[in-house]
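Since the model is a prediction, treat every value here as computed from it, not as a measurement.
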Amino acid sequence: MKKSSLLLPLMLSLLLNGCTLEDETAEKIVVPVEEKQEYSSKAEETFTEYAKKCTTGDMSAAPKVVHMYISSLQKDDFDKNLALPELEDSSELIFEVKPYEYQKVNTNIVYEMCLQKAASEGHQEYLNYFVSRGTVSAKIARQFYSDDLLNDGAYWARRVTNLLGMKTGYYIMGRLFCNNEKTFSIGADLLKEAAKLGDENAKQYLFDIALNNNVFEKLSKNKDSLKD
């Protein structure tokens with residue numbers, strides 16, 4: 001059975017139900033256990049430490065958190081005309097990070113808590129640093145699905161549909177997922193879902209897929225410039 005035929009029903013289930021795999025399999029009664037958090041890299045550990053300081057009111061950590069977070073976003077994900085908070089010393093923030101390393105569920109949650117805390121302390125400009133574009137969320141979801149990080153992918157895919165609605169969200173994700181060989185089949189399935197909901201653009205792309213033997217080449221040319 002194709003990988004995409006297994007992933008899409010799971011993905012749609014997570015989007016519709018708003019839960020994760022952990023939610024589905026969790027015991028009804030859970031006894032809290034203090035566990036030391038494990039990190040995939042020193043960069044992730046440092047980022048999380050700064051973000052937690054920020055959430056407890058240490059606003060000196062907030063600029064570092066924003067700069068680190070944006071450093072793992074990719075080209076055109078962030079408005080370059082938007083001024084970033086002033087950073088006193090950037091030398092301690094120099095890490096080699098993977099694409100979207102700080103956008104994983106755990107790090108993104110604490111990042112957004114930091115932004116909310118900064119805004120509540122009177123720094124309203126921090127509200128500008130949320131990822132609020134559906135196309136960017138779709139690109140992040142695509143990266144995580146291509147890396148088989150399904151929980152992280154579902155988190156961002158759900159945000160796409162929250163921002164854009166299901167019909168447009170499935171279409172945008174379908175287009176962008178078709179721009180990556182690893183997620184191409186999932187993208188085609190998402191276009192089918194968008195078409196079922198009445199999206200005419202999705203129907204046209206499905207028609208192209210049926211007729212064009214070089215559809216991957218066709219879809220992969222400059223398609224990350226989609227706007228929502």
Give me the atom names and distance for the closest heavy-atom approach of [X] to [Y].
X: Cys178; Y: Ala188; value: SG-N, 3.6 Å
X: Asn180; Y: Ser146; value: ND2-CB, 4.0 Å
X: Tyr145; Y: Ala157; value: CE1-CB, 4.4 Å
X: Arg175; Y: Tyr205; value: CZ-OH, 3.1 Å

**Aromatic plane relationship, Tyr69 with Tyr111 - under 30° parallel, 30 to 60° tilted, over 60° perpendicular** = parallel

Is the backbone of [Y] close enough, under 3.5 Å, to the side chain of [X] for a donor and an acceptor to pair up by distance?
X: Thr168; Y: Gly165; result: no
X: Glu121; Y: Ala118; result: no
X: Glu44; Y: Tyr39; result: no

**Asked** Between Glu49 and Lys52, is the closest basic N to carboxylate O distance under 4.0 Å?
**Response** no

**Asked** Is Glu101 salt-bridged to Lys42, cutoff N-O under 4.0 Å?
**Response** no

Can you find a heavy atom in the side chain of [X] that is under 4.5 Å from one in the side chain of [Y]?
X: Gln143; Y: Leu149; result: no
X: Ile109; Y: Tyr155; result: yes
X: Val160; Y: Tyr170; result: no
X: Ser40; Y: Lys104; result: yes
X: Asn108; Y: Tyr102; result: no
X: Lys64; Y: Lys53; result: no
X: Phe184; Y: Asp189; result: no
X: Pro63; Y: Tyr126; result: yes

Spatial distance of atom [atom1] ([X]) from atom [atom2] ([Y]) [nearest 0.5 Å]:
X: Leu164; Y: Thr135; atom1: CG; atom2: OG1; value: 7.5 Å
X: Met173; Y: Leu190; atom1: CE; atom2: CG; value: 5.5 Å
X: Leu87; Y: Met68; atom1: CG; atom2: CE; value: 10.5 Å
X: Ile140; Y: Trp156; atom1: CD1; atom2: CH2; value: 4.0 Å

**Request:** Please check if atom NZ in Lys80 has more than 12 non-hydrogen atoms from other residues, nucleotides or ligands closer than 6.0 Å.
**Result:** yes

**Message:** Are there over 12 heavy-atom neighbours, none belonging to Glu86, within less than 6.0 Å of that residue's CD?
**Reply:** no

